[in-house]
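Down below is the structure, laid out as structure tokens.
Numbers here are sequence positions counted from 1. Since the model is a prediction, treat every value here as computed from it, not as a measurement.
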Amino acid sequence: MMKKEEGSLVRVDRVPMRWGEMDALGHMNNVSYFRYFEQARISWFDSLKIDYSPDSEGPILGTITCKFVRPAVYPADLEITTYVGKPGRSSFMMFHEMVLAGDPATLYAEAWAAMVWIGIGDGKSRPLPDRITKQLPPHPGPLPPEGRRGS
């Protein structure tokens, strides 16, 4: 799995938790965490102008793992940070964190996602195109102190 320190920060999203996402135990349902991470990924892909028409190519989620650290309880403003790792031949890793906005020490969850570049029409993996690898970090180097937190 990719470590946050091995990636480059590409996006920070701040979103309010929705009341309807609470489960019977009074905290955010596990599925909702994945939806927030998904939206962060899709928002980044939108900024890259990914075209998901049947005759194009784009990234799909190959796998995702989530470590639930602390339950989020409504009301809360969430901050989702997205990091991207060094590209492979046809894939790249992403790392997400969900924290309480304004309080990065309150970590709710971390997620690791493997993205695979495919032909949308046939669903087969393809090499990452140059236009995408140029936008992925080749080797990020250390994070600035404000982007680093002990985990």
Side-chain angles (χ1 to χ4, degrees), residues 1-18 20-22 27-53 56-118 120 123 125-151:
M1 275 191 276
M2 174 183 139
K3 296 178 184 173
K4 175 173 76 172
E5 293 77 15
E6 296 170 346
S8 290
L9 178 66
V10 294
R11 174 168 199 91
V12 177
D13 294 286
R14 187 177 180 150
V15 292
M17 180 182 166
R18 295 178 292 260
E21 292 173 323
M22 289 187 299
H27 52 72
M28 187 162 54
N29 185 282
N30 293 4
V31 171
S32 296
Y33 291 80
F34 289 97
R35 288 184 179 139
Y36 283 112
F37 297 141
E38 174 187 56
Q39 187 57 55
R41 285 191 308 277
I42 295 301
S43 294
W44 185 60
F45 297 154
D46 286 347
S47 76
L48 297 177
K49 310 280 190 249
I50 301 295
D51 174 16
Y52 282 100
S53 62
S56 68
E57 299 178 353
I60 61 164
L61 184 63
T63 186
I64 188 165
T65 302
C66 185
K67 177 183 174 185
F68 300 100
V69 177
R70 173 181 294 144
V73 178
Y74 182 87
D77 284 330
L78 309 171
E79 188 173 277
I80 292 83
T81 54
T82 302
Y83 299 82
V84 177
K86 182 178 166 184
R89 187 190 77 76
S90 62
S91 64
F92 57 94
M93 291 297 295
M94 297 185 83
F95 176 83
H96 301 285
E97 278 186 321
M98 179 186 293
V99 301
L100 179 63
D103 181 9
T106 303
L107 175 65
Y108 295 123
E110 298 174 318
W112 298 265
M115 305 305 302
V116 180
W117 196 263
I118 65 161
I120 303 301
S125 76
R126 306 267 170 83
L128 288 168
D130 288 341
R131 69 179 180 84
I132 297 300
T133 56
K134 288 178 183 174
Q135 298 185 61
L136 297 174
H139 182 45
L143 290 172
E146 67 273 7
R148 189 177 290 141
R149 184 179 66 245
S151 308

Practice task
Output yes when a side-chain donor or acceptor of Thr133 lies under 3.5 Å from a complementary backbone atom of Asp130, and no otherwise.
Solution key: yes

Fill in the blank from the handout: All heavy atoms of Phe37 vs all of Cys66, minimum pair found to be CE1-SG, 4.0 Å

Exercise for the section: Indicate yes or no: at least one non-hydrogen side-chain atom of Tyr83 is less than 4.5 angstrom from one of Glu5. Expected result: no

Practice task
Supply the atom-to-atom distance Ile64 CD1 to His96 NE2, rounded to the nearest 0.5 angstrom.
Solution key: 5.5 Å

Practice task
Starting at OH of Tyr33, measure out to NZ of Lys67 and round the result to the nearest 0.5 Å.
Solution key: 13.5 Å

Practice task
Locate the shortest heavy-atom distance separating Ile50 from Pro59; write the atom from each residue and the value.
Solution key: CG2-CD, 3.7 Å

Problem - Ser90: partners by side-chain contact (heavy atoms from CB on, under 4.5 Å), with sequence neighbours left out - result: Ser125

Problem - Heavy-atom pair with the smallest gap, counting every atom of Arg18 and Tyr74 - result: C-CD1, 3.9 Å

Completion exercise
Rounding to 0.5 Å, atoms CZ (Phe68) and CG (Asn30) come to a distance of 4.0 Å

Problem - Test item: Arg41 and Arg11 side chains (from C-beta on) under 4.5 Å apart, heavy atoms - result: no

Exercise for the section: Start with the C-alpha gap between Trp44 and Met94, add the side-chain angles, then the distance that decides, and say whether side chain to side chain contact (heavy atoms under 4.5 Å, CB included) holds. Expected result: CA-CA 11 Å; Trp44 185 60; Met94 297 185 83; 3.7 Å; yes

Practice task
For Met115 and Leu61, run side chain to side chain contact (heavy atoms under 4.5 Å, CB included): C-alpha distance rounded to whole Å, both residues' side-chain angles, the deciding distance at 0.1 Å, then the answer.
Solution key: CA-CA 5 Å; Met115 305 305 302; Leu61 184 63; 3.8 Å; yes

Practice task
List in chain and number order the residues that pass side-chain hydrogen bond (donor to acceptor under 3.5 Å, both in side chains) with Asp103, two or more places apart in sequence or in another chain; answer none if no residue qualifies.
Solution key: Thr106

Exercise for the section: Considering non-hydrogen atoms only, spot the tightest contact between Ala105 and Arg70 and give its length. Expected result: O-NH1, 3.8 Å

Exercise for the section: Drop me the distance from Trp117's CH2 to Glu57's CD, to the nearest 0.5 angstrom. Expected result: 7.0 Å

Handout entry: Exercise: identify the closest heavy-atom pair between Glu110 and Phe95
Key = OE2-CZ, 3.9 Å

Problem - OG-CD1 distance between Ser56 and Ile118, expressed to the nearest 0.5 angstrom - result: 9.0 Å

Problem - Ile80 side, atom CD1; Tyr36 side, atom OH - distance, nearest 0.5 Å - result: 7.0 Å

Fill in the blank from the handout: For Met98 and Leu78, the nearest pair of non-hydrogen atoms, with its separation, is SD-CD1, 4.0 Å

